[in-house]
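Report on one structure; see the data block that follows.
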Amino acid sequence: MIIQGKCHTFGNDIDTDAIIPARYLNTSDPEELARHCMEDADPTFAGRVQKGEIIVAGKNFGCGSSREHAPVAIKAAGVAAVIAASFARIFYRNAINIGLPIFESPAAAAGIAAGDEVKIDAEKGEIVNLTKGETYQAAPFPPFMQELIAAGGLMPYVARKVKAHV
Amino acid sequence: MGMTITEKILAAHAGLDHVEPGQLINARIDLALGNDITAPLAIKEFKKLGLKKVFDPERVVLVPDHFTPAKDIKSAEQAKILRDFAREQGLAHYFEIGRMGIEHCLLPEAGLVGPGDLVIGADSHTCTYGALGAFATGVGSTDLAAAMATGELWFKVPETILFRYHGKLKPWVGGKDLILYTIGQIGVDGARYMAMEFTGEAIKELSMDGRFTMANMAIEAGAKNGIFPVDEKTIAYIRGRLQRDYRIYQSDPDARYAREIDIDAGSIEPQVALPHLPENARSVREIGEIKIDQVVIGSCTNGRLEDLRVAAEILKGQKVHPEVRLIVIPGTQKIYAEALAEGLISIFIEAGAAVSTPTCGPCLGGHMGILAQGERALATTNRNFVGRMGHPESEVYLAGPAVAAASAVKGRIAAPEEVVK
């Protein structure tokens with residue numbers, strides 16, 4: 001899978017309250033959540049982001065609450081991928097489970113500026129900054145996680161397992 | 001090579017003799033938990049599988065505690081999804097308003113978690129149960145759905161950081177101060193993906209309520225779980241609560257740790273974490289003059305009986321500062337009843353506090369005490385992120401119940417000794 005788009009940048013320790021504030025958690029409707037995506041980090045983001053664009057952030061992206069509404073909001077806002085120097089662990093799991101592509105690369109997080117056009121080869125984990133002419137390598141996924149990603153997330157994988165047992 | 005408590009519990013639940021940090025395993029779940037924010041998504045995903053029943057109706061626990069008693073129509077609809085599912089599935093442990101509590105105060109109290117258990121919860125503070133010597137970790141809704149369906153889940157075996165707390169704690173210093181100090185030392189991602197194992201003579205002296213507070217905030221250092229060795233205090237706590245067998249695991253002397261950190265707990269002063277990260281911990285004496293508008297004493301971090309006793313000790317015969325709102329939220333109905341019987345609730349009310357039924361409410365900016373623009377709160381909760389308790393331009397300072405009670409009296413962040421000599 002090739003993902004190509006313009007990047008929006010954020011800093012370190014972007015928590016899930018900033019990604020989707022709890023005042024909107026009385027619903028789990030993705031479209032409604034998307035309207036408030038990243039609101040407490042950048043209130044203008046949800047209005048600006050275009051389908052297929054990419055979020056780039058520093059370390060510990062998605063720390064805090066376990067709310068899956070965070071990756072759901074990002075995905076429903078049309079964001080094609082998140083690149084970060086590192087991810088908090090529950091966010092990491094949640095993103096893989098719901099099929100939001102994520103890439104861990106400190107070099108990419110440091111090198112990409114807001115507005116840069118970036119092309120990601122998801123299989124190779126290769127991130128090319130077309131604006132700057134730089135290439136960064138993302139940490140590879142272990143084979144089991146590649147299997148989850150290929151299945152489209154955890155539930156399709158579980159559904160296969162459940163069917164096999166029935 | 002020996003194993004840590006965390007590794008032993010994971011190995012046992014994966015049916016393996018030995019596991020190594022970094023290893024991916026499939027493990028059996030003893031208990032799976034959801035709340036009114038996370039469970040509706042999990043139930044939706046579960047239903048898509050077309051399964052009639054959860055893997056075990058005794059082992060799926062639902063607690064509507066975040067936006068309850070329902071704060072608005074949408075929240076009522078979310079809570080109803082849990083209620084309907086619990087009835088339809090015949091879940092043994094669904095907790096209704098008036099008979100419930102904040103999930104992480106409630107589950108240990110109700111005897112649903114024991115030493116050696118593997119617990120997952122679609123709530124990041126599920127790590128609280130590590131105080132009982134269990135492996136407990138927060139996951140998302142889809143993981144909860146998978147666990148409800150199959151009774152198992154994949155895990156990456158975490159590395160462990162060993163913490164040793166030396167010395168005797170100063171007056172008014174408790175679990176909250178130890179964990180805020182620790183997060184201040186290692187940072188909000190200092191234990192990312194890792195287990196935090198809490199040991200040392202200061203830990204042996206620490207109450208179970210203090211241990212729950214510490215394990216609860218392991219996630220605020222990015223940890224997968226926090227865990228305590230089981231001792232006589234653990235056993236005394238589970239006696240009369242836990243109605244089933246359990247297994248005690250201890251770390252081997254040659255267990256491998258990613259890091260070992262020694263902390264002179266005897267030198268730690270009451271702590272306050274400044275906005276907007278829990279790692280911004282300082283001694284209360286270094287804070288300076290910071291006026292506050294609201295104090296919250298409660299939450300899954302500090303809503304237990306010992307916390308209320310500490311607050312009452314300071315508030316007894318005192319009045320809440322005229323420009324401060326004090327909100328006290330007992331963690332469970334049982335804690336509420338005990339606080340009432342001990343006269344603590346009268347102390348709070350006579351001091352001018354509002355006392356609420358158990359709810360997560362204000363901790364996550366849900367209800368029961370939302371902050372306006374420019375307002376500042378001191379709370380015994382666990383997160384001081386931007387907008388956490390209300391308006392994005394409000395501020396949250398984190399502390400333990402002693403500093404919270406003293407600050408409510410003084411109208412500014414204050415050390416307990418400023419109120420009680």
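Below, chains carry the letters A, B, ... as their sequence lines are ordered, and counting in each starts from 1. As a basis for the values below, the full set of heavy atoms in this structure was taken, side chains included, without hydrogen atoms, waters or symmetry mates.
If you measure heavy-atom distances from B/Phe55 to chain A, you find no contacts under 4.5 Å at all. Contacts of B/Leu364 with chain A are made by both backbone and side-chain atoms, with heavy-atom separations under 4.5 Å. In this structure, the portion of B/Glu152 lying under 4.5 Å from any heavy atom of chain A is its side chain and not its backbone. Using a 4.5 Å cut-off between heavy atoms, B/Leu277 touches chain A through its side chain atoms alone. Contacts of A/Ile98 with chain B are made by side-chain atoms alone, with heavy-atom separations under 4.5 Å and no backbone atom involved. For B/Tyr193, the parts lying under 4.5 angstrom from a heavy atom of chain A are both the backbone and the side chain. Within the 4.5 angstrom heavy-atom criterion, atoms from both the backbone and the side chain of A/Ser86 approach chain B. Of the two parts of B/Gln78, only the side chain, counted from C-beta on, holds a non-hydrogen atom closer than 4.5 Å to a non-hydrogen atom of chain A. Proximity to chain B involves both the backbone and the side chain of A/Ala159, based on heavy atoms less than 4.5 angstrom apart. Heavy-atom distances place both the backbone and the side chain of A/Phe87 under 4.5 Å from chain B. Contact annotation for A/Pro21: neither backbone nor side-chain heavy atoms come within less than 4.5 Å of a heavy atom of chain B. Residue contact with chain B, scored on non-hydrogen atoms closer than 4.5 Å, involves the side chain of A/Asn94 exclusively.
Inspection of the A/Thr44 and A/Asp42 side chains reveals an N or O donor paired with an N or O acceptor under 3.5 Å. Side chains of B/Asn35 and B/Asp65: a donor-acceptor N/O pair is absent below 3.5 angstrom, by distance only. Between the side chains of A/Tyr136 and A/Asn129, at least one donor-acceptor pair of N or O atoms lies under 3.5 Å. A donor atom on one side chain and an acceptor atom on the other are not found under 3.5 Å apart for B/Asn216 and B/His104. Defined by atom type and a distance below 3.5 Å, a donor-acceptor pair is missing between the side-chain atoms of A/Gln50 and A/His8.
Between chain B and the options A/Asp15, A/Leu25, A/Asn12, A/Leu154, heavy-atom pairs under 4.5 Å are most frequent for A/Asp15. Of the listed residues (B/Arg388, B/Lys224, B/Glu45, B/His367), the one with the most heavy-atom contacts under 4.5 Å to chain A is B/Lys224. In terms of heavy-atom pairs under 4.5 angstrom with chain B, the leader among A/Ala18, A/Gly64, A/Cys63 is A/Gly64. Across A/Asp13, A/Val158, A/Asn60, the residue that shares the most heavy-atom pairs under 4.5 angstrom with chain B is A/Asn60. Options B/Asp72, B/Thr38, B/Asp36, B/Thr150 differ in how many heavy-atom pairs under 4.5 Å they form with chain A, and the most are formed by B/Asp72. Of the residues considered (B/Ala76, B/Gly121, B/Pro392, B/Ser141), B/Ser141 shows the highest number of contacts with chain A, using heavy-atom pairs under 4.5 Å. Interface check for chain A: of the options B/Thr126, B/Leu24, B/Val139, the most heavy-atom pairs under 4.5 Å are formed by B/Val139.
For the atom pair CZ of A/Phe91 and CD1 of A/Ile102, the computed distance is 6.5 Å after rounding to the nearest 0.5 Å. Rounded to the nearest 0.5 angstrom, B/Thr142 OG1 and B/Leu144 CG are separated by 9.0 Å. One finds the CD1 atom of A/Ile3 at 12.0 Å from the NZ atom of A/Lys119 (value rounded to the nearest 0.5 Å).
Taking a 6.0 Å sphere around CD1 of A/Ile2, one finds it holds more than 12 heavy atoms contributed by other residues, nucleotides or ligands.
Between B/Phe385 and B/His276, the distance from one ring center to the other does not fall under 6.0 angstrom. Aromatic pair A/Phe10/A/Phe45: ring centres closer than 6.0 Å. Between B/Phe135 and B/Tyr129, a ring centre-to-centre spacing not shorter than 6.0 Å is recorded.
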